[in-house]
Engineer: 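Dropping a structure here in structure tokens format, bear with me for questions.
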Amino acid sequence: MDVSGNIGAILGQKSGEIFSVSPEATVFEAIKIMDEKNVGALPVMDGERLVGMFSERDYTRKVVLRGKRSREVKVSEIMSSNLTVTHPRDGVEKCLHLMTDKRIRHLPVLDGEKVVGIISIGDLVKWVISCQSATIAHLEN
């Protein structure tokens, strides 16, 4: 599959807003932010530094299934900290393979050490569909 474009191009189509949570926040507070912003994961930020990711998967597997209380557990206790990240110049196809191989749905995008966005598997699928539609339209003309 030939998927052209890079992650920076996808970020350019997004709002640029990055919603995050502190490692000291409770899981309940993180879930509330995710609900309000309609997102499935949040970068966990200690100031400007990315220290983890918190996702719906972390919540269901590490809180709900273990009988913990979301109002008592801190995000730092259950966040994913062994992170896979990408960069604005990385290719879309590389990220698709990375996310599929690692079975992750959200990738923090770093420019140096700074978080400049989050890419979801849905963002990549939308990009691929757009590329394919453009190619089909070009071939039809």
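The structure displayed is predicted, hence computed values, not measured ones.
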Engineer: Find the distance between NZ (K74) and CD (E24) and round it off to the nearest 0.5 Å.
Structural biologist: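 The NZ atom of K74 sits 4.5 Å away from the CD atom of E24.
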
Engineer: Step through the shown structure and confirm whether more than 12 heavy atoms of other residues, nucleotides or ligands are within 6.0 Å of CD on E36.
Structural biologist: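 Buried by this count: over 12 neighbours within 6.0 Å.
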
Engineer: So, for S70 and V63, which heavy atoms are closest and what is the spacing to 0.1 Å?
Structural biologist: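 Nearest heavy atoms, S70 then V63: N-CG1, 4.1 Å.
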
Engineer: Could you tell me which non-hydrogen atom of P43 sits nearest to which non-hydrogen atom of I18, and how far apart they are?
Structural biologist: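 Looking at all heavy atoms of both residues, the closest pair is CG-CG2, 4.0 Å.
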
Engineer: Could you tell me whether the side chain of K126 and the main chain of I10 form a donor-acceptor pair under 3.5 Å?
Structural biologist: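 No; judged by distance alone, with no hydrogens or angles, the pair does not exist.
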
Engineer: Could you walk me through whether W127 and Q13 pass the side chain to side chain contact (heavy atoms under 4.5 Å, CB included) check?
Structural biologist: CA-CA 10 Å; W127 179 266; Q13 294 183 339; 3.7 Å; yes

Engineer: Nearest 0.5 Å, what's the CE-OG1 distance between M53 and T84?
Structural biologist: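 That separation rounds to 10.5 Å.
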
Engineer: For the CG atom of N82 and the NZ atom of K102, what is their distance to the nearest 0.5 Å?
Structural biologist: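 Result: 7.0 Å between the selected atoms.
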
Engineer: If you group Ile, Leu, Val, Met, Phe, Trp and Tyr by side-chain heavy-atom gaps below 4.5 Å, do L107 and V115 land in one group?
Structural biologist: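 Hydrophobic grouping puts L107 apart from V115.
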
Engineer: Name the one of L110, V116, N6 that satisfies side chain to side chain contact (heavy atoms under 4.5 Å, CB included) with P88?
Structural biologist: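 That would be V116; it is the only one of L110, V116, N6 passing the side chain to side chain contact (heavy atoms under 4.5 Å, CB included) with P88.
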
Engineer: Determine, step by step, whether K114 and D111 satisfy the salt bridge (charged side-chain N to carboxylate O under 4.0 Å, His left out) criterion, reporting the C-alpha distance in whole Å, the side-chain angles of both residues, the deciding distance to 0.1 Å, and the verdict.
Structural biologist: CA-CA 5 Å; K114 181 179 169 58; D111 190 1; over 6 Å; no

Engineer: Step through the shown structure and confirm whether more than 12 heavy atoms of other residues, nucleotides or ligands are within 6.0 Å of CZ on R57.
Structural biologist: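 For R57, atom CZ is crowded (more than 12 foreign heavy atoms under 6.0 Å).
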
Engineer: Side-chain heavy atoms under 4.5 angstrom apart, residues restricted to Ile, Leu, Val, Met, Phe, Trp, Tyr: same cluster for I119 and F19?
Structural biologist: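 No; F19 is not reachable from I119 via cluster members.
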
Engineer: Please check if L50 and L98 belong to a single hydrophobic cluster, counting links between Ile, Leu, Val, Met, Phe, Trp and Tyr side chain heavy atoms closer than 4.5 Å.
Structural biologist: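 No: no chain of side-chain contacts under 4.5 Å links L50 to L98.
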
Engineer: For the residue pair V21 and A30, what are the closest heavy atoms and their distance?
Structural biologist: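 Minimum heavy-atom contact is CG2-CB, 4.0 Å.
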
Engineer: Between atom CD1 of I121 and atom SG of C95, what is the distance when rounded to the nearest 0.5 Å?
Structural biologist: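 Going from CD1 on I121 over to SG on C95, the span is 9.5 Å.
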
Engineer: What's the spacing between S120 OG and K14 NZ if we round to 0.5 Å?
Structural biologist: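 One finds 5.5 Å between OG of S120 and NZ of K14.
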
Engineer: So, do L124 and I7 sit near enough that their side-chain heavy atoms are less than 4.5 Å apart?
Structural biologist: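 SC-SC contact between L124 and I7 confirmed.
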
Engineer: Are V85 and I118 linked, directly or through other ILVMFWY residues, by side chains that come within less than 4.5 angstrom of each other?
Structural biologist: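 Yes, V85 and I118 fall within the same hydrophobic cluster.
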
Engineer: Please check if atom CG in D101 has more than 12 non-hydrogen atoms from other residues, nucleotides or ligands closer than 6.0 Å.
Structural biologist: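 Counting neighbours around CG of D101, more than 12 heavy atoms of other residues, nucleotides or ligands fall under 6.0 Å, so yes.
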
Engineer: Considering non-hydrogen atoms only, spot the tightest contact between S81 and V51 and give its length.
Structural biologist: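 Closest approach of S81 to V51: CB-O, 3.9 Å.
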
Engineer: Is it possible for you to say whether F54 and V39 belong to one hydrophobic cluster, with membership spreading through side-chain heavy-atom contacts below 4.5 Å?
Structural biologist: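 Yes, because F54 and V39 connect within a single hydrophobic cluster, where side-chain heavy atoms sit under 4.5 Å apart.
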
Engineer: How many angstroms lie between atom NZ of K62 and atom CG of D58, to the nearest 0.5 angstrom?
Structural biologist: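 Spacing of NZ (K62) from CG (D58) equals 4.0 Å.
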
